[in-house]
There are 2 protein chains.
Amino acid sequence: MVAPSRRRRVTINDVASHAQVSVTAVSKVIRNAYGVSPAMRDRVKTAIEELGYRPQAVARGMRGRTFTIGLMLPHIRNPFFADILDGLTEQLAGTDYRAFMIQGGATRKVERLAVDALIDRQVDGIIMVAPLASKARLEEVAQEKPTVVLARHERSSFYDSVYDDDEAGAELVVKHLIELGHRRIAHITHQDDSQAQPADLLHNIRAATYERVMREHGLADEIAVATSFYHEKGGYEGARELLDRDPRPTAIFAGADQAAFGALAAVYEAGLRVPADVSVAGYDNTHLAALPNITLTSVDQEGSVMGGAAGKLLLERIEGRTSAVRFSVTPSLVVRGSTAPPTS
Amino acid sequence: MVAPSRRRRVTINDVASHAQVSVTAVSKVIRNAYGVSPAMRDRVKTAIEELGYRPQAVARGMRGRTFTIGLMLPHIRNPFFADILDGLTEQLAGTDYRAFMIQGGATRKVERLAVDALIDRQVDGIIMVAPLASKARLEEVAQEKPTVVLARHERSSFYDSVYDDDEAGAELVVKHLIELGHRRIAHITHQDDSQAQPADLLHNIRAATYERVMREHGLADEIAVATSFYHEKGGYEGARELLDRDPRPTAIFAGADQAAFGALAAVYEAGLRVPADVSVAGYDNTHLAALPNITLTSVDQEGSVMGGAAGKLLLERIEGRTSAVRFSVTPSLVVRGSTAPPTS
DNA sequence: CATGATTTGGGTAACGGTACCCACTCTTAT
DNA sequence: ATAAGAGTGGGTACCGTTACCCAAATCATG
């Protein structure tokens with residue numbers, strides 16, 4: 001058995017001597033820089049081909065770029081993030097840039113470590129999805145590296161923002177339920193680890209909009225919020241708490257599909273039917289929501305469009321743009337079988 | 001509005017001059033190397049603290065390590081991969097290593113690009129989850145960087161393997177269905193882009209085991225396989241095809257939960273009930289399977305244990321181990337409400 | 001007390017690229 | 001004919017860190 005003897009990697013020097021030119025010439029060719037004749041280009045490209053040379057991104061990064069985009073995701077369990085990644089990947093196709101993901105986690109502290117890890121690896125730019133960090137911290141990051149923030153609403157002149165209009169989306173859901181005739185509409189929201197409940201975090205916007213719309217329709221007394229988490233277990237527990245109340249709600253608006261799935265489970269487990277006894281609606285329009293045995297009413301926010309936009313804006317920033325751009329997607333309601341007029 | 005003037009990063013030189021010592025001394029301290037007195041250590045650590053210095057991983061990589069682990073996932077839509085990541089993250093906690101994910105995609109070609117991208121960024125080690133690549137290619141990668149391969153079964157002396165015993169798992173499902181009294185048991189498998197259908201890819205093992213067990217129980221004539229994909233849409237389409245056959249199967253074993261969810265949808269849509277008319281079973285025991293309104297019988301393969309083991313083995317390899325280790329997890333069947341004796 | 005071993009600190013050449021500058025040739029305009 | 005400019009190629013310092021080596025100081029030993 002042979003020990004895996006790591007063979008030396010082909011370097012720019014090898015290419016240069018093989019092609020009988022200077023390393024500068026090779027560098028120019030791989031960077032597509034000005035000052036190489038077609039003949040030189042061919043010659044170098046042939047040598048690169050013959051030796052199977054690939055530049056080492058890390059070494060390039062010491063002077064120039066690493067051609068690496070850092071994507072911070074809170075976690076990878078939510079399939080909605082997969083849509084974002086798909087959009088980003090498509091946007092990056094054809095460029096030399098690659099997207100690397102890192103998991104941010106559930107607290108500000110570990111999220112900070114994750115983003116620092118990206119910076120320390122000299123990524124050329126950072127996309128943060130639904131970060132928990134304060135605006136000050138986001139701007140700090142943006143001063144180190146070109147940055148695009150996804151799913152946050154505050155306005156900054158240091159980074160670009162891409163977001164879904166969560167206020168419009170939440171309004172669509174609550175109004176839909178009200179129009180169906182519901183009055184006792186409850187909401188399941190997400191608990192993050194920040195004490196302040198920043199108004200710019202999407203779950204807080206959805207919750208605040210729910211309350212506003214309820215109030216605007218004279219339903220202030222019917223407001224019922226379960227503070228839990230945007231995942232299956234969270235939705236399940238949140239719904240159980242809501243269903244235990246007397247009188248129990250006739251409709252539940254979960255702030256995310258993942259939570260809505262858990263809410264559906266809680267409703268069934270309580271011996272109730274959807275939508276006959278309780279209507280349930282979610283947010284994100286994940287693939288699962290469309291399945292005939294789930295048919296969850298949900299809000300579509302075009303994750304892949306958001307991911308693509310984030311990629312495009314980030315590349316522009318890397319190229320030198322410094323003005324801040326805000327890109328927002330208008331969500332739409334997808335009505336399915338999980339919502340219907342109340343029977344009681 | 002101020003343009004984001006990137007301020008120069010604090011370097012090892014800044015720390016050295018601030019602490020009035022040599023850069024060598026600082027380097028030794030951050031590497032925990034031999035040859036520094038306690039007094040020196042304190043002095044340097046204080047300077048690091050005061051300046052907020054963090055070493056640049058990219059520069060470290062030029063001589064030593066980048067403290068980066070590359071994790072190649074086929075995609076991030078399957079929540080099972082999240083379990084793997086959780087296990088890995090936990091294993092890496094307390095070390096300076098960070099896991100970066102890259103999406104491999106659906107074809108060998110893009111997967112190759114993704115893994116090359118990891119190598120070009122000088123990661124210290126690579127974990128490949130359910131790769132499509134040939135064994136030869138995997139060994140090629142392993143010769144460049146310490147490598148651990150997850151969810152593949154072939155034996156190699158160049159990399160470590162971590163896998164679930166898919167043969168045992170598939171056998172559990174099929175035998176369970178046979179014991180319930182089913183005879184017309186169908187299977188939904190996954191189509192990858194390789195022509196050869198390598199015997200070491202997990203979906204091929206599950207499919208082959210299904211056929212073997214059927215044959216061993218005298219059910220060779222009842223073998224019915226739909227070749228589709230391991231995702232919701234794939235399961236939906238595979239199940240539709242199977243349900244169209246005459247006579248239709250009384251049980252469907254989908255090779256992955258994601259596909260099983262789609263199969264459930266197809267069954268309901270056909271006006272049939274689960275499990276009364278058709279039993280459905282999956283593989284992976286994702287969180288969703290446990291929800292009361294899904295109650296999918298599935299195979300649990302402890303993703304976080306596998307992720308943790310992969311991390312441990314990779315760190316050992318980075319530290320210098322060259323012998324190959326194989327770590328396998330024994331799956332267990334979780335019987336839920338989606339499987340029952342056939343009624344017809 | 002001389003000698004060798006150990007501890008501690010620092011100097012410096014890499015690592016693999018890129019940015020910047022310079023030199024030379026060949027056009028083109030005056 | 002000459003100057004200015006464009007096109008083309010190369011030399012080399014530098015990016016931030018580590019590995020390797022050396023020197024000085026301290027310690028243990030016979």
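Every chain is numbered from 1, with letters handed out A, B, ... down the list of sequences.
When the shell of 6.0 Å around NZ of B:K135 is examined, it contains more than 12 heavy atoms from other residues, nucleotides or ligands.
Atom CZ in A:F67 sits about 19 Å away from atom P in C:dG16, given to the nearest Å. Whole-Å rounding puts the B:Q56 CD to D:dC15 P distance at 12 Å. In this entry the distance linking CE of A:M40 with P of D:dG9 reads 4 Å, nearest Å. What separates CD1 of B:I48 from P of D:dG16 is a distance of 16 Å, to the nearest Å. Spacing between atom CZ of A:R9 and atom C1' of C:dC15 amounts to 13 Å, rounded to whole angstrom units. One atom, CD1 of B:I30, and another, C1' of D:dT17, lie 7 Å apart when rounded to the nearest Å. Spacing between atom CD1 of B:I12 and atom P of D:dC14 amounts to 18 Å, rounded to whole angstrom units. Taking atom CE on A:M62 and atom C1' on C:dA19, their separation rounds to 14 Å, with Å as the unit.
When heavy atoms are screened at a 4.0 angstrom cut-off, B:V21 is found touching the sugar-phosphate backbone but no base atom. Note on B:V58: nothing from the nucleic acid sits closer than 4.0 angstrom, heavy atoms only.
Distances shown here put a side-chain N or O of A:S37 below 4.0 Å from the OP1 or OP2 atom of D:dG9. Using a 4.0 Å cut-off, no side-chain N or O of B:S27 falls inside it from OP1 or OP2 of D:dA19. Within the structure, a side-chain polar atom (N or O) of B:Y53 is placed less than 4.0 Å from OP1 or OP2 of D:dT17. Between B:R63 and D:dA19 there is no side-chain N or O to OP1 or OP2 distance below 4.0 Å. Close to D:dA19, at under 4.0 Å from its OP1 or OP2, lies a side-chain N or O of B:R31. The phosphate of D:dG10 (OP1 or OP2) has no side-chain N or O of A:T24 nearer than 4.0 angstrom.
Looking at A:T66 and A:Q122, their side chains never bring a donor and an acceptor atom within 3.5 Å of each other. For the residue pair A:R121/A:T68, the side-chain donor-acceptor check at 3.5 Å is not satisfied.
Closest contact between the side chain of B:Y34 and the listed nucleotides C:dT8, D:dT17, D:dG10 involves C:dT8. Of the candidate nucleotides D:dG10, D:dG9, D:dT8, D:dG10 has the atom nearest to the side chain of A:A25. Comparing C:dT18, C:dG10, D:dG16 against the side chain of B:A59 picks out D:dG16 as the nearest.
In this pair, A:Y97 and A:F67 present their aromatic rings tilted. The plane angle is within the 30 to 60° band.
Only one option out of A:R321, A:R326, A:K312 pairs with A:D160 in a salt bridge (Lys or Arg N to Asp or Glu O under 4.0 Å); it is A:R321.
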